[in-house]
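Lettering follows sequence order; numbering is per chain, from 1.
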Amino acid sequence: MCSQAIERWFAAEARNLPWRSNRTPWRSLVSEFMLQQTQVARVLERFEPFLERFPAAKDLAVADVQEVLSMWQGLGYYRRARNLRCAAQAIVTEFGGEVPLDVDALLTLPGVGRYTAGSIASIVGRRRVAIVDGNVTRLLARVYCDGGIPEDRSYVNRMWSRSQALVEESEFPARLNEGMMELGAVICTPTSPSCDVCPLNDRCQSLSAGCVAEIPPAKRRANRAVLHHHSVVIRRRGKLLLERRPESGLWAGLWQAPAIEGDGELSGGELADQLGFPVERLARLGSITRQLTHRTVHIHVHVADLASGVRMPEVDGRKWVRDADLSGLPLSSAALAVLAVPGAAAC
DNA sequence: GAGTCGTGGTA
DNA sequence: TTACCAAGACT
């Protein structure tokens, strides 16, 4: 009964999103990767260009990682882009180029977990399987007035059990699952939900108990460690010196102005000593701060000239690029912000 | 179970 | 300004 109320609501209220029209398994897989921990509005900017460049799994499977990262620029969590490429390769080698539609097969793909597998299998493959994401968790916690702790495994298991029960009584599992997510996204929102127009407001236990605002409780987050990056913008003959970050960790494999990273601040002399190559006229331009999920990164932006007479040939992980060619390389939003600091731009 | 991995909007 | 949050997965 709960299921059908959600299905009716979704059939009438669904937004027209690009991955819902022309819904092929491949388009759905790409959208699911992009939507992991990422809001719809941000995905909308990147979805169609990515699909145009990689219209099928076989196209992404043979693509260069750097180009894939470039197409992912601005979305964050860049490991998803690498996983999606690896998944595309597995789809080609293991599944004949077609995205599998069974949960067990989907779970073998890198970057595909319980939620993503269930979403593809139910919405595209029409399988009767459950899904639980952030939206569904909030919706179910409120409907059943579950004041538990989101970090507890038993809490997560309860959500999957409830979702499974709803799917089993559902008339259209695909519509139910998508409807639960949409309902959570536009009605049962984290703050100030629109209970007055919610199709479940006649059976929501939190609403009748008056505790909607307290459920679910905020996830506790560890304090963010503070990092200091010291970036140096260096130009010569109209080109900008960039380095590629390590293949693991933060912003893995993305490009940036050469930087020294540490726990504290550095004097200009210390920075020059640690750079690994001689610079002249090192000057500090200012600082920017990026708040990440688990870190606060203060980026101190400098400008300098390469010492005269010093050669700095391109090697693996180092490039001289014109500003016009920057768009071809993957840079994090932070790295782009560094280059946008007044005084860092090309003259 | 807790930490890692981005980004930008919102209150 | 600070904190929370989003169609999570992986270690």
Side-chain angles (χ1 to χ4, degrees), chain A residues 10 14-15 17-20 28-47 69 72-84 86-87 106-120 122-124 130-139 149-157 159-160 163 174 177-186 188-193 213 216-225 227 245-254 288-297 330-337:
Chain A
F10 182 65
R15 287 181 291 178
L17 296 170
W19 43 87
R20 289 188 182 139
S28 298
L29 186 70
V30 172
S31 73
E32 291 296 347
F33 268 71
M34 286 190 175
L35 286 163
Q36 288 169 5
Q37 293 291 284
T38 305
Q39 290 175 334
V40 166
R42 186 112 345 256
V43 171
L44 288 177
E45 306 165 2
R46 295 286 170 183
F47 182 67
L69 289 171
W72 205 268
Q73 189 172 107
L75 282 174
Y77 287 151
Y78 297 92
R79 183 180 301 164
R80 295 179 296 171
R82 296 169 182 268
N83 280 339
L84 182 54
C86 290
L106 283 159
L107 284 173
T108 67
L109 301 175
V112 174
R114 200 174 176 184
Y115 159 76
T116 301
S119 183
I120 299 286
S122 68
I123 297 173
V124 184
I131 60 170
V132 173
D133 71 336
N135 290 311
V136 174
T137 296
R138 185 172 56 255
L139 183 72
I149 299 168
E151 287 79 11
D152 283 353
R153 186 164 300 279
S154 63
Y155 179 91
V156 175
N157 288 338
M159 297 305 162
W160 279 94
S163 181
N177 284 344
E178 205 163 8
M180 284 196 294
M181 291 190 289
E182 184 77 357
L183 196 51
V186 304
C188 196
T189 50
T191 59
S192 56
K219 290 181 187 168
R220 66 173 304 278
R221 297 175 188 278
N223 287 337
R224 281 188 287 233
L227 294 180
R245 296 182 56 82
E247 286 301 303
S248 64
L250 187 64
W251 297 313
L254 276 61
I288 59 177
T289 298
R290 313 299 285 192
Q291 299 287 356
L292 310 183
T293 305
H294 290 87
R295 309 196 186 297
T296 296
V297 186
L331 275 74
S332 69
S333 294
L336 288 171

Student: Residues two or more places apart in sequence or in another chain: which of them pass salt bridge (Lys or Arg N to Asp or Glu O under 4.0 Å) with R245(A)?
Tutor: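 R245(A) satisfies salt bridge (Lys or Arg N to Asp or Glu O under 4.0 Å) with E261(A) once adjacent residues are dropped.
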Student: Given dG6(B), dG8(B), dA7(C), identify the nucleotide with an atom nearest to the side chain of L250(A).
Tutor: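 In terms of side-chain proximity for L250(A), the closest of dG6(B), dG8(B), dA7(C) is dG6(B).
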Student: With sequence neighbours left out, write down each residue that passes salt bridge (Lys or Arg N to Asp or Glu O under 4.0 Å) with E247(A), or none if nothing qualifies.
Tutor: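 E247(A) satisfies salt bridge (Lys or Arg N to Asp or Glu O under 4.0 Å) with R82(A), R244(A) only.
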Student: Would you mind classifying the nucleic acid contact of I131(A) as base, sugar-phosphate or nothing, using non-hydrogen atoms under 4.0 angstrom?
Tutor: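 No contact at all - I131(A) keeps every heavy atom at 4.0 Å or more from the nucleic acid.
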Student: Quote, to the nearest angstrom, the P distance that separates dA7(C) from dT10(B).
Tutor: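 Going atom to atom, P in each nucleotide, I get 14 Å.
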Student: Judged by each residue's nearest nucleotide on DNA chain B, which is more toward the 5′ side, D152(A) or R79(A)?
Tutor: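 Of the two residues, D152(A) wins.
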Student: Indicate, with a heavy-atom threshold strictly under 4.0 Å, whether G184(A) touches base, sugar-phosphate, or nothing.
Tutor: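 Nothing, no nucleic acid heavy atom in range.
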Student: Would you mind telling me which of dT7(B), dA7(C), dC5(B) lies closest to the side-chain atoms of L292(A)?
Tutor: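 Nucleotide nearest to L292(A)'s side chain: dT7(B).
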Student: Touch check for R290(A), heavy atoms < 4.0 angstrom, all strands: base, sugar-phosphate only, or nothing?
Tutor: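 The residue R290(A) makes sugar-phosphate contact but no base contact.
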Student: Which nucleotide in the set dA7(C), dG8(C), dG6(B) lies at the smallest distance from any side-chain heavy atom of L35(A)?
Tutor: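 Of all the options, the side chain of L35(A) is nearest to dA7(C).
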Student: In this structure, how many angstroms lie between the P atom of dA6(C) and the CE atom of M181(A), rounded?
Tutor: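 Between P of dA6(C) and CE of M181(A): 14 Å.
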Student: A185(A) side chain: which of dT4(B), dG6(B), dA7(C) is closest?
Tutor: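 So the side chain of A185(A) is nearest to dA7(C).
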Student: Return the value, rounded to whole Å, for the distance between atom CZ of R80(A) and atom C1' of dA9(C).
Tutor: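 One finds 10 Å between C1' of dA9(C) and CZ of R80(A), rounded.
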Student: Categorize S192(A) for me: base, sugar-phosphate, or nothing, with a 4.0 angstrom heavy-atom threshold over every strand shown.
Tutor: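 Touches nothing.
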Student: Is any side-chain heavy atom of L336(A) closer than 4.5 Å to a side-chain heavy atom of Q73(A)?
Tutor: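 When only atoms from C-beta onward are counted, Q73(A) and L336(A) do touch, with a gap below 4.5 Å.
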Student: The criterion is ring-ring contact (aromatic ring centres under 6.0 Å, His included); which residues satisfy it with W160(A), sequence neighbours excluded?
Tutor: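 ring-ring contact (aromatic ring centres under 6.0 Å, His included) list for W160(A), sorted by chain: empty.
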Student: Any base atoms under 4.0 Å from V112(A), or only sugar-phosphate, or nothing? Heavy atoms, all strands.
Tutor: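 Sugar-phosphate contact only - V112(A) comes under 4.0 Å of backbone atoms but never of a base.
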Student: Would you please name every residue forming a salt bridge (Lys or Arg N to Asp or Glu O under 4.0 Å) with R295(A), sequence neighbours left out?
Tutor: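 For R295(A) there are no salt bridge (Lys or Arg N to Asp or Glu O under 4.0 Å) partners, ignoring immediate neighbours.
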Student: Is there a donor-acceptor pair closer than 3.5 Å between any side-chain N or O of R20(A) and the backbone N or O of R15(A)?
Tutor: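 Such a contact is found between R20(A) side chain and R15(A) backbone.
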Student: Hey, does W72(A) reach any base, or is it just sugar-phosphate, or nothing, if we go heavy atoms under 4.0 Å?
Tutor: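 Result for W72(A) = nothing.
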Student: For nucleotides 1-5 of chain C, which of its nitrogen or oxygen atoms have a protein nitrogen or oxygen under 3.5 Å away, and what is each distance?
Tutor:
none

Student: Of all the choices, dC5(B), dA7(C), dA11(B), which nucleotide is nearest to the side chain of T191(A) once you look at every atom?
Tutor: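 Shortest atom-to-atom distance from the side chain points to dA11(B).
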Student: Go through the N and O atoms of the side chain of S333(A) and the base of dG8(B), and report whether any donor-acceptor pair is under 3.5 Å.
Tutor: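 It does not, because no donor-acceptor pair links the side chain of S333(A) to the base of dG8(B) below 3.5 Å.
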Student: Taking the side chain of E151(A) as its heavy atoms from C-beta onward, which of dA7(C), dC5(B), dA2(B) lies nearest to it?
Tutor: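 Closest of the options to the side chain of E151(A): dA2(B).
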Student: Any idea which of dG6(B), dG1(B), dA7(C) is nearest the Y115(A) side chain?
Tutor: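 Shortest atom-to-atom distance from the side chain points to dA7(C).
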Student: Take atom CD of Q37(A) and atom P of dC10(C), then tell me their distance rounded to the nearest Å.
Tutor: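 So the two atoms are 13 Å apart, to the nearest Å.
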Student: Classify L107(A) by what it touches in the nucleic acid, base, sugar-phosphate, or nothing, heavy-atom distance under 4.0 Å.
Tutor: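 Here L107(A) touches no strand at all.
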Student: If the condition is salt bridge (Lys or Arg N to Asp or Glu O under 4.0 Å), which residues does R46(A) pass it with, not counting sequence neighbours?
Tutor: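 Result, salt bridge (Lys or Arg N to Asp or Glu O under 4.0 Å) vs R46(A): none returned.
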Student: What nucleic acid atoms does S31(A) come within less than 4.0 Å of, heavy atoms only: base, sugar-phosphate, or nothing?
Tutor: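 Nothing, no nucleic acid heavy atom in range.
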Student: Could you work out the separation of dG6(B) and dT1(C) based on their P atoms and round it to a whole Å?
Tutor: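 Here dG6(B) and dT1(C) have their P atoms 25 Å from each other.
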Student: From CH2 of W251(A) over to P of dT4(B), roughly how many Å is that when rounded to an integer?
Tutor: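 Rounded to the whole Å, the gap is 14 Å.
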Student: In this structure, how many angstroms lie between the C1' atom of dA6(C) and the CG atom of L75(A), rounded?
Tutor: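 Between C1' of dA6(C) and CG of L75(A): 12 Å.
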